[in-house]
Structures are given as structure tokens and as C-alpha cells.
Amino acid sequence: MHDQPQRLLIIDDDDMFCHVMQRAMTRRGFEVEVASDAEQALMLAHRQQPDIATLDLKLEHSSGLKLLPELLDVVPDCRVVVLTGYSSIATAVEAIKLGAVNYLCKPADADEILAALDKQDGDPNTELADNPPSINRVTWEHIQKVLQEHDGNISATARALGMHRRTLQRKLQKRPVRR
């Protein structure tokens with residue numbers, strides 16, 4: 001397959017996740033670099049030219065969706081999986097449109113990430129949910145979509161949704177609603 005180890009760039013601001021993933025991927029034979037923010041990620045991408053990358057959707061000072069096209073400008077052939085603890089249909093669709101090869105919800109382990117990176121095609125046999133999402137989940141998805149449309153700007157999103165900014169901030173601090 002490769003004469004030299006594949007280069008992996010992990011972009012995530014969760015130190016514990018990075019530490020665990022770096023160890024797991026190094027044991028699997030990858031050459032691993034870790035970046036905790038967009039600036040560091042782009043610098044390492046220029047230097048390392050990674051073959052694959054994991055990218056957290058919500059970095060402390062920026063959005064993984066904003067970083068994704070910049071990363072792919074630096075390394076166009078890099079296969080990127082977007083990881084998030086706050087998944088929504090809107091962000092999954094945008095990540096794929098922007099060039100990610102897959103999108104996974106945290107917690108995801110090394111094997112799941114590698115499977116997502118290797119997956120080339122969609123699966124027409126994927127199970128469809130029998131029950132529609134709850135109204136709370138639909139509301140949460142809608143808030144995520146409007147937030148994405150306003151580039152993460154809380155005040156603009158609150159205005160667009162017709163709600164008070166602090167109310168929106170409280171809703172965003174909660175974990176995603178399950179189906």
C-alpha cells in the first residue's frame with residue numbers, strides 16, 4: 001500500500017481526545033500530528049502534507065466548517081472526516097459539500113474513524129428510522145441550520161429566530177436532543 005506510514009493530522013481542542021487518538025493511531029502505524037486550533041492546523045498541514053485528517057466541528061475559537069476549505073486548499077488530496085459532539089443534518093450536509101469524506105458523531109474511536117475514512121460510497125441499504133424525530137430534535141436541528149446560515153453569529157441567529165440572545169445561548173449550551 002504505502003512505503004512510508006500515512007500521515008494523519010488530528011485537529012481538535014479536546015486535549016484528552018487528542019492524546020488518546022494520537023496513541024491509538026500511532027499504534028496502528030500512522031505518523032500523527034495534533035493541532036488544537038485553525039492556525040496551528042494550517043501550519044502543520046503545510047509542513048506535514050497529511051494524507052488524512054480528523055477535524056472537530058467546534059474548535060474553541062473557530063468553526064471546523066470554516067477551516068475545512070482552507071485545509072483542502074493546502075492539501076487538496078487529504079481525506080477529512082469531520083467529528084462533532086453536536087451533530088445536525090445541516091452541518092453534516094455542509095461538511096460533505098465542503099469536501100469532507102465523512103462525518104461522525106463523538107464519541108468515535110480509532111476504528112470508527114478509519115472505517116469512515118475508507119468508506120468510498122454511500123450505502124443504499126442504510127436503515128431508515130421508523131419514527132419521526134421529536135419536536136425538540138426538529139427545533140434543535142432548525143437552530144443549528146440558522147446558526148450555520150449566520151456563520152455562528154449568536155446575535156444574528158437570535159434575531160433571525162425571533163428569540164432573545166440569552167435564550168438562544170441557553171439552548172445552545174444543552175447537549176443535542178436525541179431523536
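Note that the CG atom of Leu168 and the CZ atom of Arg159 stand 11.5 Å from one another [nearest 0.5 Å]. Note: Leu67 CG to Leu42 CG = 5.0 Å, rounded to the nearest 0.5 Å. Rounding to the nearest 0.5 angstrom, the gap separating the CG atom in Leu57 from the CG atom in Leu83 is 9.5 Å.
Listed by chain and number, the residues in a side chain to side chain contact (heavy atoms under 4.5 Å, CB included) with Val146 are His142, Glu149, His150, Thr157, Ala160, Leu161 (sequence neighbours excluded). Legend: residues meeting side chain to side chain contact (heavy atoms under 4.5 Å, CB included) with Glu94, ordered by chain and number and at least two apart, are Leu65, Lys97, Gln148. For the side chain to side chain contact (heavy atoms under 4.5 Å, CB included) test, residues two or more places apart in sequence or in another chain that qualify with Thr167 are Met163, His164, Arg170, Lys171. For Thr91, the side chain to side chain donor-acceptor pair (under 3.5 Å) criterion is met by Ser88, Tyr103, not counting sequence neighbours. The side chain to side chain donor-acceptor pair (under 3.5 Å) search around Ser36 returns Gln40, not counting sequence neighbours. With sequence neighbours left out, the side chain to side chain contact (heavy atoms under 4.5 Å, CB included) criterion links Arg165 to Ile154, Ser155, Ala158, Gln169. Residues passing the salt bridge (Lys or Arg N to Asp or Glu O under 4.0 Å) test with Arg166, sequence neighbours excluded: none.
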Donor-acceptor pairs under 3.5 Å, side chain of residues 18-31 to any protein atom, not counting sequence neighbours: which ones?
residue, atom, partner, partner atom, Å
Thr26, OG1, Gln22, O, 2.7
Arg28, NE, Asp111, OD1, 3.3
Arg28, NH1, Ala24, O, 2.9
Arg28, NH2, Asp111, OD1, 3.0

Worked check of side chain to side chain contact (heavy atoms under 4.5 Å, CB included) between Ile11 and Leu71: CA-CA 11 Å; Ile11 308 163; Leu71 180 65; 3.9 Å; yes
Residues Leu44, Val34; criterion side chain to side chain contact (heavy atoms under 4.5 Å, CB included); working and verdict: CA-CA 8 Å; Leu44 286 171; Val34 175; over 6 Å; no
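Between Pro5 and Asp51, the closest heavy-atom pair is O-OD2, 4.4 Å. Closest approach of Leu68 and Gly99 over heavy atoms only: CD2-N, 4.2 Å. Between Leu72 and Cys78, the shortest heavy-atom contact is CD2-O, 3.4 Å. The two atoms that bring Ala116 and Val101 nearest to each other are O-CG2, 4.3 Å, heavy atoms only. Scanning both residues, Val82 and Ala100, for their nearest heavy atoms gives CG2-CB, 3.8 Å. Closest approach of Gln49 and Val75 over heavy atoms only: OE1-CG1, 3.2 Å.
Shown are Ile113, Thr54, Leu55; of these, the side-chain contact (heavy atoms from CB on, under 4.5 Å) with Ile10 is made only by Thr54.
Electrostatic pairing of Asp56 and Lys106 counts as a salt bridge here, judged by a charged N lying under 4.0 Å from a carboxylate O.
Under the 4.5 Å side-chain heavy-atom criterion for ILVMFWY residues, a single connected hydrophobic cluster contains both Leu117 and Leu104. In the hydrophobic cluster analysis, where Ile, Leu, Val, Met, Phe, Trp and Tyr join through side-chain heavy atoms closer than 4.5 angstrom, Val74 is grouped together with Leu98. Under the 4.5 Å side-chain heavy-atom criterion for Ile, Leu, Val, Met, Phe, Trp and Tyr, Leu8 and Leu59 are members of distinct hydrophobic clusters. Follow the hydrophobic side-chain contacts under 4.5 Å out from Ile52 and you never reach Val80; the two are in separate clusters.
Without hydrogens or angle criteria, Arg7 side chain to Gln48 main chain gives a donor-acceptor distance under 3.5 Å.
The salt bridge (charged side-chain N to carboxylate O under 4.0 Å, His left out) pairs that include a residue from residues 34-48 are Glu33-Arg47, where partners are two or more places apart or lie in different chains. Within the structure, every pair that satisfies the salt bridge (charged side-chain N to carboxylate O under 4.0 Å, His left out) test and touches residues 58-69, not counting sequence neighbours, is listed here: Lys66-Asp151.
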